[in-house]
Amino acid sequence: MITIEGAIDLHVHAGPELFVRRGDALDFAERARAAGMAGILLKAHHEATTSRAQLAGRLVPEVEVYGSITLNRYVGGFNPYAVGAALALGARAVFMPTFHSREHIAEFGAGTYGIAAMTVPDHLSGSGAGLSVLDDDGELLPEVRQIVRLIAEHDAFLATAHLSTTEIETLVEECVSVGTRCLITHAFHVPRGDEDFYQRMARRGAYVEIAANIAYPIAVHQGHAMTLQQAADLIASVGPDRTVISTDGGQPFAPWPPDLLEAFVNSLANVGVADADLRRMICTTPREVLGLPAASTPTPEGDTTTS
């Protein structure tokens with residue numbers, strides 16, 4: 001059995017949120033501690049999570065709790081001031097727009113994921129075509145370029161969230177040019193890129209996230225799911241050194257994130273992904289995305305090694 005001891009989950013949705021969550025930041029930090037995890041990164045669709053991350057980290061010092069900001073309309077969209085403030089307060093990730101993005105609205109509609117538990121009231125859903133990082137000529141918006149540079153200056157990372165493949169390609173190029181680490185989130189969900197797309201982005205310098213939640217029944221219902229074989233094939237194509245396994249968990253219809261992560265990596269082991277590669281993708285690669293030094297983490301056999 002693959003252990004998640006020493007793992008870092010870079011994609012956790014804790015309450016309070018606009019959607020129902022299984023628990024709050026303290027609940028998640030306590031469960032991560034019980035599982036022997038090294039850290040979690042909190043994401044919220046409507047605000048920066050730096051304050052709740054700081055508090056949870058003080059109350060559960062055995063687990064590193066990282067904050068982030070998501071650039072939906074609630075924080076002004078592509079707002080360099082909001083990003084700068086979040087980074088100054090310790091945010092380790094800046095997520096591009098989620099359900100206010102143009103791509104998300106085209107796929108699901110405004111303010112919804114197509115299910116009751118993940119739909120906000122109309123007055124919070126946003127209006128219009130949605131946010132895009134590109135202008136009408138296909139160039140990155142000046143404020144997005146500024147945000148990419150702010151992230152690099154603070155040694156944080158950019159997560160693509162719910163952008164289109166075209167937007168991501170342009171954004172990855174910008175990140176590489178200025179030295180900003182970039183994580184393409186929840187492969188096969190939004191965006192619905194194919195294996196070749198993710199491989200090309202990894203070769204250009206991006207990391208690719210495989211999220212456990214995208215293999216769960218609700219994603220199948222949404223029509224945006226990933227099979228275990230797709231995940232295994234993507235790992236073989238991209239390589240474990242450019243792949244992060246996280247959960248994108250916290251929803252009431254999924255297990256608690258540590259349970260979800262453990263079940264998912266053990267499922268991948270049973271479709272042929274090597275134990276050492278799985279440990280790398282939950283322990284080592286997340287540290288690289290965060291810009292952290294290598295750490296001594298337990299191997300599947302229980303020995304200690306530097307990863």
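Fair warning: this is a prediction, and the values are worked out from it, not measured in the lab. Only heavy atoms go into these numbers, but all of them, side chains included; no hydrogens, no water, no symmetry mates.
- At least one donor-acceptor pair under 3.5 Å links the side chain of D27 to the backbone N or O of D24.
- Sequence neighbours left out, the pairs with a member in residues 100-113 that pass salt bridge (charged side-chain N to carboxylate O under 4.0 Å, His left out) are E107-R192.
- Across G67 and T49, no two heavy atoms sit closer than the pair CA-OG1, 3.3 Å.
- Put simply, L59 and Y66 are part of two different groups of oily side chains (I, L, V, M, F, W, Y) that touch within less than 4.5 Å, one to the next.
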Let me check something: any side-chain donor-acceptor pairs from residues 78-99 under 3.5 Å, sequence neighbours excluded? List them with distances.
unit_1	atom_1	unit_2	atom_2	d
N79	OD1	Y81	N	3.0
N79	OD1	A82	N	3.3
N79	ND2	V75	O	3.1
R92	NH1	H154	O	3.4
R92	NH1	D155	O	3.4
R92	NH2	D155	O	2.6
R92	NH2	L290	O	2.8
T98	OG1	H45	ND1	2.8
T98	OG1	N72	OD1	3.4
T98	OG1	N72	ND2	2.7

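- Summarising the geometry, atom CG belonging to L260 is positioned 9.0 Å from atom CG belonging to D248; distances are rounded to the nearest 0.5 Å.
- Here the two rings, on F19 and Y113, have centers that are under 6.0 Å apart.
- R204 CZ: more than 12 foreign heavy atoms inside a 6.0 Å radius.
- Between E174 and R149 there is a salt bridge, since at least one side-chain N of the basic residue sits less than 4.0 Å from a carboxylate O of the acidic one.
- Criterion: ILVMFWY side-chain heavy atoms under 4.5 Å apart, direct or through other members. Under it, I282 and Y207 are not part of a common hydrophobic cluster.
- With a 4.5 Å cut-off on side-chain heavy atoms, T285 and T243 do not count as touching.
- Of all heavy-atom pairs between L41 and L10, the closest is CD2-O, 3.6 Å.
- Put simply, OG1 on T170 and CG on L134 are 5.0 Å apart, with the number rounded to the nearest 0.5 Å.
- Note on V208 and I245: same hydrophobic cluster, where clusters join Ile, Leu, Val, Met, Phe, Trp and Tyr whose side-chain heavy atoms are under 4.5 Å apart, directly or indirectly.
- In the hydrophobic clustering of ILVMFWY residues, with side-chain heavy atoms under 4.5 Å counting as a link, V12 and I69 come out together.
- T185 places a side-chain N or O within 3.5 Å of a backbone atom of A161 that can act as its donor or acceptor partner.
- Residue S132 comes nearest to E167 through the heavy atom pair OG-OE2, 2.8 Å, listed as atom of the first residue, atom of the second, then distance.
- Summarising the geometry of T247 relative to D9, their closest heavy-atom pair is OG1-OD2, 2.6 Å, with the distance given to 0.1 Å.
- Between the CZ atom in R22 and the CD atom in Q251 there is a gap of 9.5 Å [rounded to 0.5 Å].
- Clustering ILVMFWY residues whenever any of their side-chain heavy atoms sit less than 4.5 angstrom apart, transitively, puts M201 in the very cluster that holds V148.
- The aromatic rings of H186 and H189 sit perpendicular to each other, their planes meeting at more than 60°, with 30° as the lower class boundary.
- In this structure, Y198 contributes its side chain and F188 its backbone to a donor-acceptor pair below 3.5 Å.
- Around atom CG of D122, no more than 12 heavy atoms belonging to other residues, nucleotides or ligands sit under 6.0 Å away.
- Side-chain atoms of H100 come within 3.5 Å of backbone atoms of S125 as a donor-acceptor pair (strictly under, hydrogens ignored).
- Across R242, R181, R280, a single residue satisfies side-chain hydrogen bond (donor to acceptor under 3.5 Å, both in side chains) together with E288, and that is R280.
- Residues in residues 230-283 take part in these ring-ring contact (aromatic ring centres under 6.0 Å, His included) pairs, two or more places apart or across chains: F28-W256.
- Put simply, the side chain of R200 never gets that close to the backbone of E169: no donor and acceptor are under 3.5 Å apart.
- A salt bridge is absent between D275 and R279; no separation between the charged side-chain nitrogens and carboxylate oxygens falls under 4.0 Å.
- Among all heavy-atom pairs drawn from L268 and A231, the shortest one is CD2-CB, 3.8 Å.
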